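Here the structure is a predicted model, which means the values were calculated and not measured.
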Amino acid sequence: MKYLIFLMVLVMSINLLAKEDNGDELVDFKLYLYKHDKNAKEITIAAELTMEKHWHTYWINPGDAGLPTNIEWQLPENIKLKNQAWPYPEKIPFADMANFGYEGVVAAFYTFSYTGNLDVSKISAEALWLVCKETCLPGSGKANVILDTPEAKKKEFEMFENMVPIKADVEGDIVISGETVKVTLDLPKLSNVKIFPVTEGIFENGKDPQIQRDADGFTFVMALSDFRIEEPNKFEILLISPELIAKFGKESIIVSLSNK
């Protein structure tokens with residue numbers, strides 16, 4: 001955490017020098033009506049962020065520096081936020097550290113329930129982000145919901161929706177040993193997998209987990225951060241692998257673990 005605070009102070013200092021760029025203009029923010037289930041009285045809105053080339057924004061766990069994008073909604077009284085879901089990120093290394101985020105285009109999904117008559121035109125939102133390349137800049141943008149979403153755009157959203165992890169009930173054990181945590185999950189041995197910590201501030205993000213293929217189940221070792229403020233007695237991890245589809249119907253899952 002001390003390291004993160006140091007980095008954020010450094011970022012703020014760099015911002016004062018980066019007058020030639022504008023964080024508002026480096027990200028395009030749009031809202032689209034993606035789904036409407038009239039029987040359940042639910043709608044899903046896709047929040048799309050398009051970053052300028054080589055710039056990135058952040059996942060729910062931003063990694064060693066950065067801030068996750070926050071979307072603040074303005075809603076009529078009869079519409080309530082039910083759920084939000086972000087696609088899995090990519091790893092963005094720098095020095096011996098790493099951030100977790102998005103380059104190019106990403107879409108997150110916000111599901112709302114409503115009572116009475118629905119007027120989507122009264123829904124709007126403001127997104128606040130940190131966008132980074134060599135420097136980092138704060139930015140924001142406001143948007144109303146685009147009601148007539150083109151079919152081609154819906155196809156793009158389907159791709160991002162397939163990248164949203166599901167929470168999976170997977171049995172697992174953790175063993176803390178010095179500066180590492182050994183994780184064993186009741187899963188087949190995955191040969192093609194990416195592993196991300198969902199919980200912030202515990203692990204060394206720049207070091208890839210070391211997979212142990214000779215163990216029972218699926219076992220890997222994660223390095224602990226020197227700057228952690230708590231021990232890894234309870235945390236969540238994200239697994240991404242096409243081999244998970246056969247069991248879970250998704251290529252990405254989030255698993256909750258605790259030191260029993």
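A continuous path of Ile, Leu, Val, Met, Phe, Trp and Tyr side chains, each step under 4.5 Å between heavy atoms, connects F218 with F248, placing both in one hydrophobic cluster. Transitive grouping of hydrophobic side chains (ILVMFWY, heavy atoms separated by less than 4.5 Å) keeps I92 and F100 in distinct clusters.
Residue pairs that meet the ring-ring contact (aromatic ring centres under 6.0 Å, His included) test with at least one member in residues 139-171, sequence neighbours left out, are Y32-F157, Y34-F157. The ring-ring contact (aromatic ring centres under 6.0 Å, His included) pairs that include a residue from residues 59-82 are W73-Y110, W73-F112, where partners are two or more places apart or lie in different chains.
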field: Residues V164, W86; criterion side chain to side chain contact (heavy atoms under 4.5 Å, CB included); working and verdict
entry: CA-CA 6 Å; V164 172; W86 286 80; over 6 Å; no
Audit row: V183, V255, side chain to side chain contact (heavy atoms under 4.5 Å, CB included) steps and yes/no: CA-CA 11 Å; V183 179; V255 178; over 6 Å; no
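Between I123 and P76 the shortest side-chain heavy-atom distance falls below 4.5 Å. Side-chain contact check for K182 versus Q212: some heavy-atom pair is nearer than 4.5 Å.
Side chain of N70 to backbone of L128: no donor-acceptor contact under 3.5 angstrom is found. Put simply, the side chain of Q84 never gets that close to the backbone of A108: no donor and acceptor are under 3.5 Å apart. Remark: the backbone N or O of N192 is paired with a side-chain donor or acceptor of S241 at under 3.5 angstrom. Side chain of D64 to main chain of A98: a donor-acceptor pair is present (N/O by atom type, distance under 3.5 Å, no hydrogens or angles).
Taking every heavy atom of both residues into account, G66 and P62 meet most closely at O-CG, 3.6 Å. Of all heavy-atom pairs between T199 and N61, the closest is O-ND2, 3.6 Å. Among all heavy-atom pairs drawn from E126 and Q74, the shortest one is N-OE1, 4.0 Å. In this structure, G63 and N205 approach most closely via the heavy-atom pair C-ND2, 3.4 Å. In terms of heavy-atom proximity, L130 sits nearest to P138 at CD1-N, 3.7 Å. Looking at every heavy atom in both residues, S124 comes nearest to L31 through C-CD1, 4.3 Å.
In this structure K35 satisfies the side chain to side chain donor-acceptor pair (under 3.5 Å) test together with E161, sequence neighbours excluded. When the side chain to side chain donor-acceptor pair (under 3.5 Å) test is applied to K167, the partners found at least two apart in sequence or on another chain are E236. Under the side chain to side chain contact (heavy atoms under 4.5 Å, CB included) criterion, K133 pairs with H54, W55, sequence neighbours left out. In this structure P209 satisfies the side chain to side chain contact (heavy atoms under 4.5 Å, CB included) test together with I195, F220, M222, sequence neighbours excluded. Shown here are the side chain to side chain donor-acceptor pair (under 3.5 Å) partners of K91, two or more places apart in sequence or in another chain: D208. The side chain to side chain donor-acceptor pair (under 3.5 Å) check on D119 picks up S121, with sequence neighbours excluded. For S258, the side chain to side chain contact (heavy atoms under 4.5 Å, CB included) partners are K234, K260, not counting sequence neighbours.
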Scan the side chains in residues 38-45 for donor-acceptor partners under 3.5 Å anywhere in the protein, sequence neighbours excluded, and list what turns up.
from : atom 1 : to   : atom 2 : distance (Å)
K41  : NZ     : G116 : O      : 3.3
E42  : OE2    : K82  : NZ     : 2.2
T44  : OG1    : T111 : OG1    : 3.1

For residues 23-30, which side-chain donor-acceptor pairs fall under 3.5 Å, sequence neighbours excluded?
from : atom 1 : to   : atom 2 : distance (Å)
D24  : OD1    : S140 : N      : 2.8
D28  : OD2    : K30  : NZ     : 2.5

May I have the list of side-chain donor-acceptor pairs in residues 172-180 shorter than 3.5 Å, sequence neighbours left out?
from : atom 1 : to   : atom 2 : distance (Å)
E179 : OE1    : R228 : NH1    : 3.0
T180 : OG1    : S177 : O      : 3.0

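The environment of NZ in K250 is crowded: more than 12 heavy-atom neighbours from other residues, nucleotides or ligands sit within 6.0 Å.
If you take CG on L257 and CG on N233, they are separated by 12.0 Å, rounding to the nearest 0.5 Å. Expressed to the nearest 0.5 Å, how far CD of E204 lies from CG of D226 amounts to 6.0 Å.
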